[in-house]
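Please read the structure below before turning to the comments.
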Amino acid sequence: MHPYAPPPQPAAPCPARAPLPAPGLLLSLTLPGDPRSAAVGRHAVAASLSTYKLHSYVWPVTLAVAELIAVNAALTPARDLYLSLRHRDDALRLVLWDQHPGHADPDTLALCEARRRSALWLLAAVVDDWGGEWGVAEGQPPHQGTKSWALLPR
């Protein structure tokens, strides 16, 4: 090849294969179990919402994410947290899994759940103000840990 020859052009895409439509917002993150991870989650979620032109969700969702991460990191320090954010059917669903161990004793389980719900009072206020729902549930096999979630309609 001559040293001044133009670089070869990439092959044209196969005409039989149409591009896939752009999917809706779907974000998954693994974060360290540290309250400082709340800022990372908040910024990642805000950027994702802006990218998908979901600006009306930025305030409630970033507040909800920060609250979920900070509270769950405090309850399960030094263990990874798994954050999932999805927009579909004109609603935004936020799920945070932590690795809090299950409790065999029903009284301990009830106390632990009551403490978690009490600690998430700010999340409850934001979701209620937005007309959404939220909750906490133990992981069902094969999952372990605790799932905290919020659903915010448009």
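Note that the coordinates shown come from a computational prediction; the quantities given were computed from them, not determined experimentally.
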key: side chain to side chain contact (heavy atoms under 4.5 Å, CB included) involving Ser84 - partner list, sequence neighbours excluded   = Ser28, Val95
remark   = In short, Glu67 meets Ala119 closest at the heavy-atom pair OE2-O, 3.5 Å
note = Sequence neighbours excluded, the answer for side chain to side chain contact (heavy atoms under 4.5 Å, CB included) partners of Asp107 is Asp105
message = I need the Leu68 CG to Leu81 CG distance, nearest 0.5 Å.
response = 10.0 Å
inquiry  = Can a donor-acceptor pair be found, under 3.5 Å and without considering hydrogens, that links the side chain of Ser37 to the backbone of Gly33?
reply    = no
key: Note, Leu94 side chain near Leu152 side chain (heavy atom, < 4.5 Å)   = no
task = Mind checking side-chain hydrogen bond (donor to acceptor under 3.5 Å, both in side chains) for Glu113 and listing every partner two or more places apart, or none if nothing turns up?
result = Arg117
query = So, does Arg79 use its side chain to make a donor-acceptor pair with the main chain of Gln99 at under 3.5 Å?
reply = yes
ask   = Does atom CZ of Arg154 have more than 12 heavy-atom neighbours from other groups under 6.0 Å away?
value = yes
task = Give a yes or no on whether Trp59 atom CH2 has more than 12 heavy-atom contacts from other residues, nucleotides or ligands under 6.0 Å away.
result = yes
message = Considering only residues two or more places apart or on different chains, which pairs with a residue in residues 69-98 satisfy ring-ring contact (aromatic ring centres under 6.0 Å, His included)?
response = Tyr57-His87, Trp97-His143
request  = Search all heavy atoms of Pro35 against all heavy atoms of Ala73 and return the closest pair with its distance.
outcome  = N-CB, 3.7 Å
request  = Would you mind reporting whether Thr146 and Leu96 have side-chain heavy atoms less than 4.5 Å apart?
outcome  = no
ask   = Looking at side-chain heavy atoms only, is the closest gap between Leu25 and Leu92 below 4.5 Å?
value = yes
query = Same hydrophobic cluster for Leu120 and Trp149, using side-chain heavy-atom links shorter than 4.5 Å among ILVMFWY?
reply = no
Got a list of side-chain donor-acceptor pairs under 3.5 Å for residues 122-134, not counting sequence neighbours?
{"unit_1": "Trp130", "atom_1": "NE1", "unit_2": "Pro153", "atom_2": "O", "d": "2.8"}

Least distance between heavy atoms, Cys112 atom then His100 atom = SG-NE2, 3.1 Å
Shortest non-hydrogen contact from Gly41 toward Ile69 = CA-CD1, 3.9 Å
ask   = Given the rule that I, L, V, M, F, W and Y join up when any side-chain heavy atoms are under 4.5 Å apart, are Val58 and Val61 in one cluster?
value = yes
task = Could you state whether Leu63 and Val40 fall into the same hydrophobic cluster, counting links through intermediate Ile, Leu, Val, Met, Phe, Trp or Tyr residues with side-chain heavy atoms under 4.5 angstrom apart?
result = no
request  = Check Val136 against Ser148 and note the closest heavy-atom contact, atom names and distance.
outcome  = CG2-OG, 4.1 Å
message = Could you report the tightest heavy-atom contact between Asp80 and Pro32, atom names first, then the distance?
response = OD1-CA, 4.0 Å
Counterpart residues, side-chain hydrogen bond (donor to acceptor under 3.5 Å, both in side chains), relative to Asp34 (two or more places apart) = Arg36
inquiry  = Measuring only between side-chain heavy atoms, which start at C-beta, is Val65 closer than 4.5 Å to Leu85?
reply    = no
request  = Test Leu83 against Val45 for side-chain contact (heavy atoms from CB on, under 4.5 Å), laying out the working first.
outcome  = CA-CA 10 Å; Leu83 176 68; Val45 166; 4.2 Å; yes
Pair Arg116 + Asp98, salt bridge at N-O below 4.0 Å = yes
Any donor-acceptor N/O pair, Ser118 side chain to Ala114 backbone, under 3.5 Å = no
